[in-house]
Amino acid sequence: MGSNDEYIYDTGDDLGAIQVDLLAKLLDDPTVRCLEATGVQAGWHCLDLGAGGGSITRWLADRVGPGGRVVAVDLDTSHLPERPEVEVRRHDVNDGLPDDGPYDLIHARLLMKHLARREEILKELVGALAPGGWLVTGDFSGRERTVLAAPSSADRQLWDRIMYLTHEVMAPALGISVHWARAAYGHMTAAGLTEGHAVAHSQTMDGGSAGCLLFRNYLNQLTPRLLQEGVTEADLHRFGELMADPGFTAWFYEYVVTRARKPGAPVG
C-alpha cells in the first residue's frame with residue numbers, strides 16, 4: 001500500500017485485521033479468476049503489492065511452487081505468510097519498487113487509487129515486468145452504491161449521507177481516485193501493454209453480510225473524520241445497527257480487475 005499519509009485505513013490494528021479478512025472473502029474469487037487467466041505457473045517470479053492479509057500471496061505461492069518466488073509488499077506485514085517461496089518486504093511503493101525484478105506477474109489490489117503518483121508508479125511496474133509478463137490491478141470504482149431496501153426512509157437518507165461524505169468529500173480531499181478502476185485499462189495500454197482485459201464485479205449485500213460488515217468496519221476507522229464533517233454519534237450508532245440489519249440491502253462496491261501483458265516472448 002501507499003504511505004500512511006495516503007492510506008486512511010490501518011491494517012495493523014484489530015479493525016485492520018477484520019478488514020483484510022472481509023476483503024479476502026469478498027474479493028478473492030474475482031481476483032483469482034483474473035490471475036488464473038494469466039497462466040501463472042510453477043517457477044514464476046511474482047510481486048504482490050499491498051498484500052494486506054496475504055490471501056493472494058498464499059495463492060500465488062501455491063501456484064509458483066518451490067521453484068518460484070513471491071515478493072509480498074506492504075506497510076504492515078503482520079498478516080503475511082512465512083513460507084520458503086515468499087519474501088516479505090515492509091516497504092512503501094512511493095519510494096520505488098523493492099527491487100528491479102523482472103517479474104512474470106505483478107499484482108496490486110486496492111492500492112493504485114490511493115497513490116498520488118499512480119500513473120508514474122504504473123509505468124515503474126511495467127518497467128519491472130519480464131517480457132511476456134502480466135500486470136494485474138484491482139480497485140473499487142465510483143459506481144453508486146444504491147440502497148434497495150431499508151427499514152425506513154431516514155435510514156436510506158443516512159446511508160446516502162455517509163456515502164456522500166466518505167466518497168465525494170473525504171476521498172477526493174485525501175487524493176483517492178474513484179475513477180482509476182475504470183481508467184486502468186487505458187493507462188496500461190498507453191504504457192505499452194497489450195492483451196488488455198477488464199472485468200467489473202458487483203453484488204448486492206444484506207445487513208450482516210461480509211459486504212455490510214466491511215462498510216461498518218470502514219466507518220469505525222473513519223469515525224474521527226466523520227465527526228469532523230458533522231456526523232453525530234447517534235448517526236454512527238444507527239449506521240452500525242443498519243449494517244447488521246437483515247432488512248437492509250444495497251449494492252456493494254463495483255470491483256474492477258484489469259490485466260494486460262508486456263510484449264515479448266517469456267524468457268526461460
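If you're wondering where the values come from, they're calculated on a predicted model, not measured in any experiment.
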Residue pairs involving residues 188-205 (criterion salt bridge (Lys or Arg N to Asp or Glu O under 4.0 Å); sequence neighbours excluded): E195-R261

Summary of salt bridge (Lys or Arg N to Asp or Glu O under 4.0 Å) pairs that have at least one residue in residues 140-150, sequence neighbours excluded: none

Answer yes or no: is there a donor N or O on one side and an acceptor on the other, between the side chain of [X] and the main chain of [Y], under 3.5 Å?
X	Y	result
T223	L219	yes
R69	H45	no
H201	L27	no
D245	G207	no

Say whether [X] and [Y] are linked into one hydrophobic cluster, either directly or through other cluster members, by side-chain heavy-atom distances under 4.5 angstrom.
X	Y	result
Y164	L222	yes
L193	Y103	yes
W134	V199	no
V178	L23	no
V169	F239	yes

Residues [X], [Y]: salt bridge by 4.0 Å N-O rule:
X	Y	value
D28	R58	no
E241	R238	yes
D104	R63	no

Option from V71, V136, L125, V126 for which side-chain contact (heavy atoms from CB on, under 4.5 Å) with I106 holds: L125

Using distance alone, with no hydrogens and no angle criterion, decide if [X] and [Y] have a side-chain donor and acceptor under 3.5 Å apart.
X	Y	result
R109	T31	yes
D48	H107	yes
S152	D155	yes

How close do [X] and [Y] get, counting heavy atoms only, and between which atoms?
X	Y	result
A72	V86	CB-CG1, 4.3 Å
P30	V257	O-CG2, 4.3 Å
V256	S141	CG2-CB, 4.2 Å

Centroid separation F215 to Y253 less than 6.0 Å: yes

Evaluation steps, side-chain hydrogen bond (donor to acceptor under 3.5 Å, both in side chains), between E233 and H237: CA-CA 6 Å; E233 293 279 6; H237 179 73; over 6 Å; no

Set of residues satisfying side chain to side chain donor-acceptor pair (under 3.5 Å) with respect to R33, sequence neighbours excluded: none

Ring geometry between W159 and F248 (parallel below 30°, tilted from 30 to 60°, perpendicular above 60°): tilted

